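Here's the structure we're looking at; comments come further down.
These numbers come from the heavy atoms of this one structure, side chains and all, not from hydrogens, waters or symmetry mates. Since this is a predicted model, take the numbers as computed values, not measurements. A note on names: the letters A, B, ... follow the listed sequences, proteins ahead of strands, and every chain is numbered from 1.
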Amino acid sequence: MEGVIQQFYLKSSILKTSLHIQSFCSFRFNKIILNGETVVAKEKGLSFSEFSKTVYKESGIAYPKFFKMDNLSKLTFLTAEVLLKNCALPSEEKEKMALVLSNRSASLDTDRKHQLSIQSKENFYPSPAVFVYTLPNIGMGEISIRHQIKGENAFFVFKEFNAKFLMQYSEALIHNKKASHVLCGWVDIEEDAYRSFMYLVSKRGTYIHSEAIINKEYQNI
Amino acid sequence: METLRQELKENIIEQLNLEDFTVDDIADDDRLFGDGLGLDSIDALELIVMLDKNYGIKLTDPKEGKEIFVSIAVLAEYIATHRTK
């Protein structure tokens, strides 16, 4: 898979114009960092459910469907919400945006909850609301609905954060005119151990779109 | 019947994650779908599971759900008549 992407990237690099990162956002240890600045910091003792609920309420977001999402989707949704609110893109640019996310645990956090509901033959009550989240890419669907994003979306599962792959994939999408912007990153959760890092690749922005900068900002939380 | 209605409201709020609602916000005759509580098709499936798990009622015909999940009052009436546990 990576080889195909590299070929696609090399072909597209002939037309290459320099790309930038418009904004970064990370969630970890009950803190939110936006473009290098801590914008939210809550007590470390809060569970992810409590933390995400507090962030949702304090942000003044009116989107009741949030409470029906699984934790991976909540993390994906909130990270994108903070980042895209800061970028204030017009709706026609959002429509052409692609989403490229990745993580290590796929949807294991919710898969386990689903497994528990079907564990015993005597108490076999699978919850449809849990089952619909047993794929990691569902979080991208939630972002797309919320922000009316209609570009390509892809979710990759890696052992660890892979800045090089994300960089090449998003550059190929923009250089091949498949997208005007790419919302990229990492969203991983297993129980209360969570970490998200998203950034918006664009033709404008303060930061240069490079593997070194992506890795540096990923490590910044 | 009043106890059952109250219990249904509490269960629906908890199981369908209706964080913006309290028991007092739901009137017995409020529509559960559409303009009322705004429940969706996944919620309808959750309600079918809830009927089976909590009251021993198995709905096999989806059309039945449409008639039963009109409001708390209608749902409570149906459960009171058909419950096996």
Side-chain angles (χ1 to χ4, degrees), chain A residues 46-78 81 107 109-111 113-135 137-139 141-142 144-146 189, chain B residues 7-27 30-69 71-72 75 78-79 82-85:
Chain A
L46 289 182
S47 67
F48 176 75
S49 294
E50 292 164 326
F51 172 70
S52 59
K53 188 173 170 179
T54 307
V55 170
Y56 172 86
K57 299 236 172 195
E58 288 181 0
S59 306
I61 306 166
Y63 198 70
K65 195 170 179 283
F66 174 81
F67 294 109
K68 295 178 182 287
M69 296 178 196
D70 75 334
N71 281 342
L72 178 63
S73 295
K74 282 181 179 170
L75 178 62
T76 309
F77 177 91
L78 286 175
E81 193 71 20
S107 55
D109 193 57
T110 304
D111 295 347
K113 286 180 188 141
H114 177 63
Q115 175 61 36
L116 279 176
S117 72
I118 58 172
Q119 192 76 26
S120 119
K121 277 185 185 171
E122 296 74 38
N123 198 24
F124 186 89
Y125 294 108
S127 158
V130 172
F131 178 73
V132 293
Y133 287 100
T134 53
L135 281 174
N137 58 326
I138 301 299
E142 301 286 8
S144 301
I145 294 166
R146 165 74 169 163
I189 186 161
Chain B
E7 178 186 301
L8 278 173
K9 289 176 190 176
E10 286 166 8
N11 285 344
I12 285 175
I13 288 171
E14 193 194 328
Q15 292 185 19
L16 305 186
N17 294 313
L18 303 177
E19 294 270 342
D20 292 338
F21 285 89
T22 65
V23 168
D24 295 336
D25 295 330
I26 307 175
D30 278 351
R31 293 180 66 83
L32 298 181
F33 290 82
D35 296 338
L37 295 189
L39 304 187
D40 60 22
S41 55
I42 298 292
D43 295 322
L45 293 173
E46 283 292 338
L47 289 177
I48 290 171
V49 173
M50 187 187 82
L51 284 185
D52 187 5
K53 190 175 176 179
N54 297 358
Y55 307 105
I57 298 171
K58 288 188 191 297
L59 288 189
T60 46
D61 182 1
K63 281 183 195 160
E64 269 187 294
K66 231 178 182 181
E67 290 157 18
I68 298 160
F69 302 143
S71 64
I72 292 290
L75 183 56
Y78 183 87
I79 290 171
H82 295 85
R83 67 189 301 171
T84 60
K85 63 179 179 184

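- Considering CD of E19(B) and CZ of F66(A), their distance stands at 9.0 Å, rounded to 0.5 Å.
- More than 12 heavy atoms of other residues, nucleotides or ligands lie within 6.0 Å of NZ in K113(A), so this atom counts as buried by the packing criterion.
- Within 6.0 Å of atom OH in Y55(B), more than 12 heavy atoms from other residues, nucleotides or ligands are found, so the atom counts as buried in its surroundings.
- Within the 4.5 angstrom heavy-atom criterion, atoms from both the backbone and the side chain of D52(B) approach chain A.
- Rounding to the nearest 0.5 angstrom, the gap separating the NZ atom in K65(A) from the CG atom in N17(B) is 12.0 Å.
- Between P126(A) and V49(B), the shortest heavy-atom contact is O-CG2, 3.8 Å.
- Around atom CZ of R83(B), more than 12 heavy atoms belonging to other residues, nucleotides or ligands sit under 6.0 Å away.
- A 6.0 Å sphere centred on NZ of K85(B) holds more than 12 heavy atoms belonging to other residues, nucleotides or ligands.
- In this structure, S127(A) and E46(B) have side chains that are in contact, with non-hydrogen atoms separated by less than 4.5 Å.
- Atom NZ of K57(A) is surrounded by more than 12 heavy atoms from other residues, nucleotides or ligands within 6.0 Å.
- Closest non-hydrogen pair, L45(B) versus P128(A), comes out as CB-CG, 3.4 Å.
- With a 4.5 angstrom heavy-atom cutoff, I48(B) does not touch chain A via any of its atoms.
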Using the rule given for salt bridge (charged side-chain N to carboxylate O under 4.0 Å, His left out), can you reason through K68(A) versus D40(B), listing the C-alpha separation, both sets of side-chain angles and the distance that settles it, and then say yes or no?
CA-CA 11 Å; K68(A) 295 178 182 287; D40(B) 60 22; 5.4 Å; no
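- Between L16(B) and F67(A), the closest side-chain pair of non-hydrogen atoms is not below 4.5 Å.
- Per-residue counts of heavy-atom pairs under 4.5 Å with chain A were compared for Q15(B), K53(B), M50(B); the largest is that of K53(B).
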